[in-house]
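Bear in mind the structure is a predicted one, so any value in this text is a computation, not a measurement. One-based numbering, in listed order, for ligands and for the atoms of each.
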Amino acid sequence: MSDKITIAISKGRIFDESIPLLAKINIIPKDDPKKTRRLIIETNQSDIQILVIRATDVPTYVERGAAALGIAGKDVLLEYQGDGFYEPFDLGIAKCQMMLAGLKKANQNSTNPRIATKYANITRDYFANFGQQVEIIKLYGSMELAPILGLADQIVDLVDTGETLKANGLVPLKHIADISSRLIVNKAAMKMKNTTIKSFMEKLSEVIRD
Ligand code: AMP
């Protein structure tokens, strides 16, 4: 393991909301990931670097120790179902809800509904709790299209303002989980880089409480 601490951060909204938090503890990226083609971004702290990667890859990098730390949505962590990292605290950013949604005008009472989602594990577990059989249709984006085109009866997706559902004639049906971004820490790194990681975590938890 190198002496540098690598923080893997999900692209997009989570990255945008993580940067002000990191700035509060004086970790400032030297490049803007939207402007550079570099995949590893150095920071003003010579021992801390940042990876900006696909949300679903963050737990893999951290579980396998390629990154000591990660920032990922609870949706991704629930779906990943790994236990190779610690999840010490909620960063309280990129908040939204995971919802079951369907077409406003549709009959929602099918006995074996087809559910389109990128969250196959979460969806399976959610319905298994009610003993309900569902057919899961795995998609990688734009889930809202599936009920409109008859590919699925309902969807499981993240909802923030509800505008995307509304614009596509869908309504929320059931709340599945509250989602926000979490810090995750590789288990071996927590032991081997204990001083640096502990100090990082202490500073971060202080600015979150503010
Ligand atoms: P909204 O129209 O504000 O309800 O946002 C819904 C769209 O944004 C859907 O495509 C969601 O997948 C996506 N979305 C909402 N919140 C988040 C989040 N915290 N992280 C990632 N995607 C999100």
Shortest protein contact, atom 16 (N) of ligand 1 (heavy atom only): Arg13 NH1, 3.2 Å
Atom 14 (N) of ligand 1: nearest protein contact (heavy atom, Å): Leu158 CB, 4.0 Å
Arg114/Glu135 under salt bridge (charged side-chain N to carboxylate O under 4.0 Å, His left out): CA gap, chis, key distance, verdict: CA-CA 5 Å; Arg114 297 163 303 153; Glu135 184 187 339; 5.4 Å; no
Atom 2 (O) of ligand 1: the protein heavy-atom neighbour that sits closest, reported with distance to 0.1 Å: Thr164 OG1, 2.5 Å
For atom 1 (P) of ligand 1, the protein heavy atom that lies nearest, with its residue and separation: Thr161 OG1, 3.3 Å
Protein heavy atom at shortest distance from atom 15 (C) of ligand 1: Asp160 CB, 3.8 Å
Atom 12 (O) of ligand 1 [closest protein heavy-atom partner, distance rounded to 0.1 Å]: Asp157 OD1, 3.3 Å
Which atom pairs, one a donor and one an acceptor, fall under 3.5 Å between side chains of residues 158-171 and the rest of the protein, sequence neighbours left out?
unit_1 : atom_1 : unit_2 : atom_2 : d
Asp160 : OD2    : Arg13  : NH1    : 3.2
Thr161 : OG1    : Glu163 : N      : 3.2
Asn168 : ND2    : Thr164 : O      : 2.8

Min heavy-atom dist Gly162 to ligand 1 below 4.0 Å: yes
Thr36 (side chain) donor-acceptor with Pro33 (main chain) under 3.5 angstrom: no
Met190 side, atom CE; Met201 side, atom CE - distance, nearest 0.5 Å: 4.0 Å
Minimum non-hydrogen distance to atom 10 (O) of ligand 1, winning option of Lys74, Glu144, Glu163: Glu144
Gln81 and Asp125: side chain donor to acceptor below 3.5 Å: yes
Taking atom 19 (N) of ligand 1 as the reference point, the nearest protein heavy atom with its distance: Ala94 O, 3.0 Å
Under 3.5 Å donor-acceptor, Lys187 side chain and Phe85 backbone: no
Salt bridge (charged side-chain N to carboxylate O under 4.0 Å, His left out) partners for Asp16, two or more places apart: Lys34
Which of the ligand 1 atoms, numbered from 1, are nearer than 4.0 Å to a heavy atom of Cys96: 16 (N), 17 (C), 18 (C), 19 (N)
For Val159, atoms of ligand 1 separated by under 4.0 Å from a heavy atom: 4 (O)
Nearest atoms (heavy-atom pairs only) where Val62 meets Asn186: O-ND2, 2.8 Å
